[in-house]
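Single-structure report; data block below.
Protein chains get the first letters and strands the later ones, always in sequence-line order, with residue 1 at the start of each. Computed from a predicted structure; not experimentally measured.
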Amino acid sequence: MTFDATTISMLKTAIWETFYMVALSSLFAYVIGLPFGIILVVTDNGGIYPIPWLQKILGLVINLLRSVPFLILLFIVLPLSKIVIGTRIGSPAIVIPLTIAAAPYIARVVESSFREIDPGVIEAAKSMGASTWQIIWKVLLPESRPSLLLGAALAVTTILSYSAMAGFTGGGGLGAVAINYGYYRYEPGLMWIAVILLVVMVQIIQEIGTQLSKRGDKRIR
Amino acid sequence: MASEEPIISLRNVGKEFKTANGPVTALDDINLDIRRGEIFGIIGLSGAGKSTLVRCINMLETPTSGQVIFEGDNLAAQNDRQKRMARRSMGMIFQQFNLLAQRNILKNVCFPLEIAGVSRQEGRKRAMELLELVGLADRAGAYPAQLSGGQKQRVAIARALATNPKVILCDEATSALDPNTTKSILALLKEINQSMGVTVIVITHEMAVIEAICDRVAIIDQSHIAELGTVSEIFSEPKSRIGRQLILGDAVNQVKFSDSRQLRIIFDGRESTEPIISNLVLACKVPVNIMYAATKDIQGTAMGQMIIQLPEDESDANRIVNYLKSIHIPYEEVTRHDV
């Protein structure tokens, strides 16, 4: 392994690619997953706006999507990337399958955060005449914020590990470096560097999530 | 304070819950009139249906039958929007306080005002006034986790009052508090009732709470109203078995009821200068065994109850009963089957 300028710039590019794949996918996955997480809780039997059939169907769809292994999902969805962004190769193309894989996961993570809220607090809001929307905006979301942030750290690190598989389908990022150099070219040195960089990224994301959650939580004094 | 006109009337209210083991009746044919400005107690053992009853008043539970009339409108027939509007006229406080953990207490009190669409500035002003009223203005920036149980309940009371409700529903509001804190919270509720004229409905399983602040009380047992009347009426003459149980209260645990006859004698304060038991012993020439005695402050009157054991001898026992009758002291026989 030679540590020349080319290698370093390649790693830099890989870090950037991983970063934006994960950031964009997380963003899009939350845009989809968060509302679905809310719907799962709100429309449940005994929820604040029960629509049991909708809750059941949504739960089923989420479970179906979650049972497809990511690598398989990647191959199934990449043709869609071709249609949407014109290519199935490279990091941007990976954002779509990553989003599709992560959104149902996030819906479940968000759901469990909401379920931690004391039903008494929701009842109190109802007793004040709060509407369903007001309960979502003013009780569910703010009261579960610490838990949502911890869940976000979990979700984003999971997306990061998924993104590493993009290397198999011509995507970029640190995962691709590890696969291309370590697996295809037998250059374990670069592979290890890529893996260590991934570990560092996971640590950073987890720590940010934990700290934000703790600092914002008014229950602990 | 209380006027005769009911602010809330329940007419044939029934509530059934569907469970996996078939329907369960929580309330059956409940009829109640709650007068404007009174403190009305609803007491019952756990599972009697009292929590369901209070939730039917503000439509957190929809009754399966009957009418809930609040200021002339049948809430049970209203749509969701109208129900939400009606709830703003009814504050509610809970056993577990149910404050928003992520908001400081000022913002907790602002919460119902935000929901009602009151401007931020106006809401804060009103919330500060209310925190002042409950004695927590200096803690406005604190979070619920930093407060004691009693303080949390004070915040909850301030929050319940924010929208100027006509009624405050208290669901076991003091059951999680120690005796002293309970006293101060009850005093606060009484003060609010008197100074603001807010009707207060108190749900509890503790007779002491009823005795301390309620004007009238309904005893609820097995989904029905077993008895209803003023607190002193029920104290001196409980008509139902459950009423007797609740009145006897701690006596039940302290007295070992025997097979012989026992009398429960009720004092309502007028006789406090008269040595009734001494006179009784002197007049009847029989010793009496006092098994339990306690005085209580009911609506400002010292009321007492005493349980005495009657002698084995039939004629001695009758002499005591006749003596009590002759001096107009209310009494009733109690047996171990009453408790």
Side-chain angles (χ1 to χ4, degrees), chain A residues 34 38 41-53 110 112-152 209-221, chain B residues 17-18 51 54-55 57-61 80-105 107-118 141-147 155-156 159-163 165 167-172 176:
Chain A
L34 185 68
I38 293 171
V41 174
V42 168
T43 62
D44 197 7
N45 252 331
I48 54 175
Y49 198 89
I51 315 176
W53 64 266
V110 166
S112 81
S113 291
F114 285 164
R115 291 203 191 277
E116 286 168 25
I117 298 175
D118 177 4
V121 175
I122 295 166
E123 191 184 37
K126 273 193 197 167
S127 79
M128 295 169 206
S131 65
T132 305
W133 277 115
Q134 283 173 323
I135 293 174
I136 293 170
W137 282 113
K138 290 178 182 289
V139 182
L140 288 184
L141 286 167
E143 285 293 297
S144 61
R145 188 186 55 213
S147 175
L148 285 173
L149 285 166
L150 279 182
T210 309
Q211 288 303 323
L212 284 177
S213 168
K214 259 194 202 161
R215 297 219 175 138
D217 193 350
K218 309 299 185 191
R219 289 171 299 183
I220 325 157
R221 283 288 143 152
Chain B
F17 288 106
K18 289 188 183 73
S51 277
V54 75
R55 280 164 179 73
I57 293 176
N58 67 356
M59 291 288 132
L60 285 180
E61 295 284 1
D80 286 352
R81 204 188 142 74
Q82 290 169 316
K83 282 177 190 165
R84 285 202 300 273
M85 295 308 285
R87 283 186 197 133
R88 290 180 195 167
S89 306
M90 294 193 242
M92 188 167 186
I93 59 173
F94 305 84
Q95 179 171 3
Q96 294 305 332
F97 325 119
N98 295 347
L99 300 176
L100 295 159
Q102 305 295 346
R103 282 182 174 229
N104 67 29
I105 67 171
K107 288 192 175 146
N108 260 287
V109 181
C110 286
F111 184 66
L113 296 163
E114 282 173 29
I115 283 169
V118 174
Y143 286 87
Q146 299 166 296
L147 303 183
V155 175
R159 181 175 73 171
L161 288 171
T163 48
V167 180
I168 297 273
L169 307 171
C170 310
D171 183 22
E172 296 279 9

Please round to the nearest 0.5 Å and tell me the distance separating atom CG of A:D118 and atom CZ of B:F97.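 Rounded to the nearest 0.5 Å, the CG-CZ separation comes out at 11.5 Å.
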
With a 4.5 angstrom heavy-atom cut-off, could you sort out which part of B:M90 is near chain A: side chain, backbone, both or neither?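 B:M90 touches chain A through backbone heavy atoms alone.
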
Is B:L99 in contact with chain A via its backbone, its side chain, both, or neither, using a 4.5 Å heavy-atom distance?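 Just its backbone gets close to chain A.
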
With respect to chain A, which residue among B:Q95, B:R88, B:M85 yields the maximal number of heavy-atom pairs within a distance under 4.5 Å?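 Highest number of pairs under 4.5 Å: B:R88.
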
Interface residue of largest heavy-atom contact number with chain A, from B:T163, B:L100, B:L169, under 4.5 Å: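 Result: the option with the highest number of such pairs is B:L100.
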
Checking A:P146 against chain B: side chain, backbone, both or neither under 4.5 Å from a heavy atom?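 Contact with chain B involves the side chain of A:P146 alone.
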
Minimum heavy-atom separation for [X] to [Y], with atom names?
X: A:K126; Y: B:L60; value: CB-CD2, 3.6 Å
X: B:I115; Y: A:Q134; value: O-NE2, 3.0 Å
X: B:N58; Y: A:S127; value: ND2-CB, 3.8 Å
X: B:R159; Y: A:A124; value: NH2-CB, 3.6 Å
X: A:G129; Y: B:R84; value: O-CD, 3.2 Å
X: B:N98; Y: A:V121; value: CG-N, 4.0 Å

Check whether any side-chain heavy atom of B:N104 sits under 4.5 Å from a side-chain heavy atom of A:K218, and report yes or no.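 No; the side chains remain at least 4.5 Å from each other.
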
Under a 4.5 Å cut-off applied to non-hydrogen side-chain atoms, are A:K138 and B:E114 in contact?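 Heavy-atom side-chain distance check passes, below 4.5 Å.
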
Show the numbers, then the answer: is there a salt bridge (charged side-chain N to carboxylate O under 4.0 Å, His left out) between B:R55 and A:E123? CA-CA 10 Å; B:R55 280 164 179 73; A:E123 191 184 37; 2.4 Å; yes

Check: B:Q102 side chain, A:P142 main-chain N or O, donor-acceptor pair, under 3.5 Å: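 Checked: no pair found.
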
Atom NZ of B:K107 with >12 non-hydrogen neighbours under 6.0 angstrom: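 Not more than 12 within 6.0 Å, no.
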
